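Read the structure below first, then the notes.
Because the structure is predicted, anything quoted here is derived from the model rather than measured. Just so you know, these numbers use all the heavy atoms, side chains as well, and skip hydrogens, waters and symmetry mates.
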Amino acid sequence: MTQSPLPPSPVSGQPDYLERLNPEQRQAIETIDGPLLILAGAGTGKTRVLTTRFAHILLTGHARPHQILAVTFTNKAAREMRDRVGALLGGPVEGLWLGTFHSICARMLRRHAEYVGLTTGFTILDTDDQLRLVKQVMEPYRVDTKRWPPQGMLGVIQRWKDRGLTPDRVTPAEDSEFGGGCARRVYADYQARLIAVNACDFGDLMLHMTEIMRTRPDVLAQYHRLFRYILVDEYQDTNTIQYLWLRLLAKRAGQPSNIACVGDDDQSIYSWRGAEVENILRFERDFPGAKVVRLERNYRSTAQILAAAAGLIAHNDGRLGKTLRPGREDAHGEKVQVVSVWDSDEEARVVAGAIERLRADGHPLSEIAILMRAGFQTRPFEEQLMTRGLPYRVVGGLRFYERAEIRDCLAYMRVLAQPADDLAFERIVNVPRRGVGTAALQKLHLEARQIKGPLTAAVARQMADGTAKGKSKAALQSLMQGFERATETLAREGQVVAVEQLLEDVGYLAMWREDKSPEAPGRLDNIKELLRAIGDFQSLEGFLEHVALVTEAEDSAAEDKVSLMTLHGAKGLEFDSVFLPGWEEGVFPSQRSLDEGGLKSLEEERRLAYVGLTRARRRATVLHAARRRIYANWQDAIPSRFIEEIPADYVEHSGQAMQERRLTAAQPSVFAFGPVSSRRPNYGHAPRVTDVYDASPTDITVGTRVFHQKFGYGIVTDVDVDRLQVQFEKAGEKRVMASFVEVAV
DNA sequence: GTTCGAAGCGTTTTT
DNA sequence: CGCTTCGAAC
């Protein structure tokens, strides 16, 4: 890293990294001291500003690399920032405090672990461990786990942690909500158990560090001296504990708070996991004298898409206020397409067909995405893409490190690295099946309690004193021998050989080799991949730390495939063409969301819609179906309110199904579908949408000759409220909605 | 302790 | 519909 400023550009007299920035971007970068809020709308060059600002602080000599704290939410964002800062500075920079909230806290906590009763080598638990632990802790309370599942309890604890509440800070009033009033005590016991096994869950990384900085002024002062500048990405996604942690670090007596937060309140979509939009809305009050810079020039999308998105998001209240403007002159573009289809199957066909056409026109599939509200919506699209031979990838499924076989292997490694890791030991003690079930494990727990030691010590003890007998004795003995041999190998030949030997020795690999299920070979491949990855690290501990904090799979974005993912998963990404299916009331906005959170949730859903639209560079296509298959049965659906919230000027409707909500929006029933069948009251005086619907309600009876947009002419053979059985001349017998046919003349 | 079948249930997800 | 989970029978 060089401390001298870069040579100025010969043309402008500015360092060349400041060239081609717009005035707002420049301001966000060149405002170095004092609190700064950068409101960065979608596609306004946020990452560029953040990284350039980082480099600028270094290159102007305001700080050395290790004196800047830069926090992100995801490892991906951290990696990108690290790479781009490196690129600006002409090479990788060492010693940066740049990472996710959690990785930075882990790094800090390893230094100060003793203040919360841990040792520096503490384990970071995965969700399986957490659940196992909370189950154990709940047991003595005899909670009805039907009503109060351990997952729910874990959720309550996590939310408390997100809010910075240690067990003693949970008020009795807040306690009563779950588990019949024992949640607070379970939480306290859970924390005690974590300390006892020298472990942390994810929430603890933040909670412990915040607690340490609250109670140890010397530690806090140390970081105050260290960090001259703080950069925070995605500030709208911070939860309370992250906010408290940042505030502790940023507020330095007698010195300015050099904290720069980048975020977009319109893209806050994670309130359900503890994010508090209020943090960003409150920034100017939290940090008096804060400068606010708005980045509103969007270099990503066409003017039409931007106007559509802006019109939509304008329906939200309580925004900081920000309007995306097109940053490129050339990008007028096409209107947002809204396609009305008959049912969810047709929706998938329409999208797949459109993708085929895009491909035929030379558009790479990697520039096409289908973004939906929920993961299960991918199915019909997968089927359609598959049958047409269009390559696709589903982003965000089960991640590599979440696979059972990988977690098993990791548990083996954890016991190898730290024999006192009871939770890891519990996971693998009977995998593969070796006849050590709950009964044997119970005995081991008792023994461990008596000797006040870990389970592995209890095993050794039982081997020695003859408590163990028969099958489980032999099994445990051979397991422990496996660990002993691996420990020797680890010292002599390193972690890769040791782990492979261990997994072989204890019969884990054999278990999958003998498994006849079709997934087994894939699992063995995954394990092979895992073994390969261990070699990339200095030590077993280093590898375990990495996998505890980095759960994401490797990016395979380079392949030319259509991306299928949730709207949440798409945040931060962009594609030339974006398909947004399932814009129907109840699906999007999600009914469940609305039921739980009312107006606040509706606004969050709307932000999600905004995020979806703004992912598109050139083409955005919204779809809604009149009937959707949900689980086993078909349900009628009306178009999402979000569709009509997009200003009509920027929308082009197509498709044959009902196109406007107006017909039915005021009606109580979601089944009201415009003028329909004979036995259905015709609500209100709704205007007709198209001539297709001009059949008078009473005209349709058995024997009526009707016309259907998709199936053509046919004779009605049965009427069931609003559904008809029709014998079509060409398409055969079909069941169709009465609203989708007209009486043939 | 294991295995098999019925019952239940069904957002969004990172670390 | 298709998955996971739990309980009963071997």
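- Nucleotides of DNA chain C with any atom under 4.0 Å from a heavy atom of chain A span, from 5' to 3', C:dC1 to C:dG7.
- In summary, A:Arg319 and A:Asp266 engage in a salt bridge, as defined by a charged side-chain N under 4.0 Å from a carboxylate O.
- Taken to the nearest 0.5 Å, the OG1 atom of A:Thr72 stands 9.5 Å off from the CG atom of A:Leu50.
- Judged by distance alone, the side chain of A:Arg627 and the main-chain N or O of A:Trp342 form no donor-acceptor pair under 3.5 Å.
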Quick one: what's the B/S/- string for nucleotides 5-15 of chain B, heavy-atom cutoff under 4.0 Å, read 5' to 3'? -----BBBBBB
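- The aromatic rings of A:Phe202 and A:His102 sit perpendicular to each other, their planes meeting at more than 60°, with 30° as the lower class boundary.
- Rounded to a whole angstrom, the distance from the C1' atom of B:dT13 to that of C:dG2 is 22 Å.
- One finds a salt bridge joining A:Lys571 and A:Asp237 here, because a Lys/Arg side-chain nitrogen approaches an Asp/Glu carboxylate oxygen to under 4.0 Å.
- Residues satisfying the ring-ring contact (aromatic ring centres under 6.0 Å, His included) test with A:Tyr223, not counting sequence neighbours, are A:His112, A:Phe227.
- For the pair A:Arg434 and B:dG1, the criterion of a side-chain N or O lying under 4.0 Å from OP1 or OP2 is not met.
- Between A:Phe642 and A:Phe588, the angle of the ring planes goes over 60°, which puts this pair in the perpendicular group of the 30/60° scheme.
- For the pair A:Leu580 and A:Val578, the minimum side-chain heavy-atom distance is below 4.5 Å.
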